[in-house]
Number of protein chains: 2
Amino acid sequence: MSVYTTVDPRQLEDWLAGYSLGNLVGLKGIAAGITNTNYFVTTTQGRYVLTLFEALALEELPYYLALMSHLARHGVACPTPVADNSDRFASMLAGKPACLVSCLDGADTATPSAAQCRAVGAMQAALHKAGDTFTLRMKNPRGPRWWSQSAHRLYPLLTDADRALLKEEIQLQDSHRFDHLPSGVIHADLFRDNVLLKGDAVAGFIDFYYACNDILLYDVAIAVNDWARRADGTMDDALARAFLEGYRKVRPLTGEEENDWPVMLRAGALRFWVSRLLDLHFPQAGELTFTKDPNAFRDLLLAHRERRDFWL
Amino acid sequence: MSVYTTVDPRQLEDWLAGYSLGNLVGLKGIAAGITNTNYFVTTTQGRYVLTLFEALALEELPYYLALMSHLARHGVACPTPVADNSDRFASMLAGKPACLVSCLDGADTATPSAAQCRAVGAMQAALHKAGDTFTLRMKNPRGPRWWSQSAHRLYPLLTDADRALLKEEIQLQDSHRFDHLPSGVIHADLFRDNVLLKGDAVAGFIDFYYACNDILLYDVAIAVNDWARRADGTMDDALARAFLEGYRKVRPLTGEEENDWPVMLRAGALRFWVSRLLDLHFPQAGELTFTKDPNAFRDLLLAHRERRDFWL
């Protein structure tokens, strides 16, 4: 369930008067997403997704909404925020920051094909290229400093083996500097459930609320760790190769990126192992998260440590 | 035929490398439009319309392309220009200024229904509202000064009756000032062939290359003169009423606009009578225009002069 905040049609009509979208025809709650409230809104002019932000403040939204608008303008498939008559992408509705975005036609998949992985890789590379001219900046809140600090909260709660592994992986990452690698805008959470597909094509990337400026290759590692991972936790070589092939056709990797790729795959796995451990051991009060299994990323780290072929 | 300039796939691939749109998959000329060269361009990421401008210069394009981008951003159905990696909407290709815009799904109609007229009226009102926050400016090149000057070239070539009518209509318009009416961005050429429809809905307004800043009501008059005109030249009251009803539901007309509406309908007809007379008597060298019958607008003017019910 993802309608935490109820919007009634009359209230919405008043709010819509600030847009050039015609008159309200329909309003329907969307039962997906775990952080924000989402509705389908139909007007005489079209169909949109209304998001009411349950955690982000109004002043935090411009980076994400301007980014989506910028990317869409450059042909990257993602929802386009609709501007109101004062040229703003967001304003308050029912006491929450709210925005309207275009409605995409597609669905996510838990079991992507190689062709779909190739298309997602290519679109991620397009996102990385299009991000070049985006002028706003956002630090990655889930970087090395965050995982080091988080690890200290987690160590007392882990098994000896897990504690040792986490320490080793953080040491490995600390001993690597990625500052020389190409950086820019990254989605930072390009998992299968954040991509809508239509056949083999990408209908749109969604959920940009972890997007930030960071190393591009880190984004690729996060995505490959998810798109090529089978239900049993093992990696599918064909899917990983297809993803990277699609990506490199649009943005070839540099030699330095190729060198750092194995360590970066482990950085991507580390980041999500840590956040899932936090969700498990320190759940946020009142947050209706599905607690996902942290061990999936621990096992992925262990597998990456043994891996010899990194699909390049 | 509207492929005046030939683009070969290799040349296009080089040009597309400046975009974040993936790789070229298909290229196909479009046999519609009479001024510019248009192609469908398919890349691994999507389908676009490529326009090579045969008359406009590169430095004349920003107004029109930024306007389309602005309107699309506000939810007005129209093609969205795609920005390249330098954040430009247009650059040179095959010696011509060229741009890519999103591909709309729909078709124009010569015989609209009342529901379609209502939808077009509503979308035109949305365009007028969304134009409020557009900051670039363009004078209307087809205003009172233009038709007065053009009339002097035409008088020697017209029948006595047509000459007398043209003089009277120009005098009538000269005796009216519209400066007090709401002004803003207008399409200025919202004829049936410049609107793509999908069922009863507007899929998109196209061909913004007469767009400018002028009196909003003038845009409504131009559109109603076309959308409600039957093949025999008479006006269909039901279609005219439906168009105005759709428009006024989104942007109500002021009392002053209602007062000036009958004279404005004649201004809209006068503008196209004059331009069609010019096309007939002074055809542009090398321009492949279909010469359209000027008498349709003369007859419309004569009918407006007799009209008592203006559908308000």
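What you see is a predicted model; the values in this text were computed from it and never measured. Naming convention: chains lettered A, B, ... in sequence-line order (proteins, then strands); numbering from 1 in each chain. The basis for the numbers below is simple: all heavy atoms, side chains too, and nothing from hydrogens, waters or symmetry mates.
- Atom CE of A:Met123 and atom OG of B:Ser20 lie 10.5 Å apart (nearest 0.5 Å).
- Neither the backbone nor the side chain of A:Val202 comes within contact range of chain B; no heavy atoms are under 4.5 Å apart.
- Judged purely by distance below 3.5 Å, without hydrogens or angles, the side chains of A:Asp87 and B:His74 pair a donor atom with an acceptor atom.
- Neither the backbone nor the side chain of A:Thr44 comes within less than 4.5 Å of any heavy atom of chain B.
- Counting only heavy atoms from C-beta outward, the side chains of A:Val250 and B:Asn23 approach each other to under 4.5 Å.
- The contact between A:His70 and chain B is made entirely by side chain atoms (from C-beta outward), counting heavy-atom distances below 4.5 Å.
- For chain B, the nearby parts of A:Ala130 are the backbone and the side chain; heavy atoms of each come within less than 4.5 Å.
- Of the two parts of A:Ala17, only the backbone, made up of N, CA, C and O, holds a non-hydrogen atom closer than 4.5 Å to a non-hydrogen atom of chain B.
- For chain A, no part of B:Thr43 is nearby; none of its heavy atoms comes within less than 4.5 Å.
- Residue contact with chain B, scored on non-hydrogen atoms closer than 4.5 Å, is absent for A:Asp132.
- Under a cut-off of 6.0 angstrom, the local environment of OH in B:Tyr210 is sparse, with at most 12 non-hydrogen atoms contributed by other residues, nucleotides or ligands.
- Note that NZ of B:Lys129 is 9.0 Å distant from CG of A:Leu21, once rounded to the nearest 0.5 Å.
- For B:Ser69, the part lying near chain A is the side chain, with the backbone staying farther off; criterion is any non-hydrogen pair under 4.5 Å.
- Contact count against chain A (heavy-atom pairs under 4.5 Å) is highest for B:Ala83 among B:Ala122, B:Ala126, B:Ala83.
- Heavy-atom distances place the backbone of A:Asp84, and not its side chain, under 4.5 Å from chain B.
- Using a 4.5 Å cut-off between heavy atoms, A:Tyr48 contacts chain B through its side chain alone, with no backbone atom that close.
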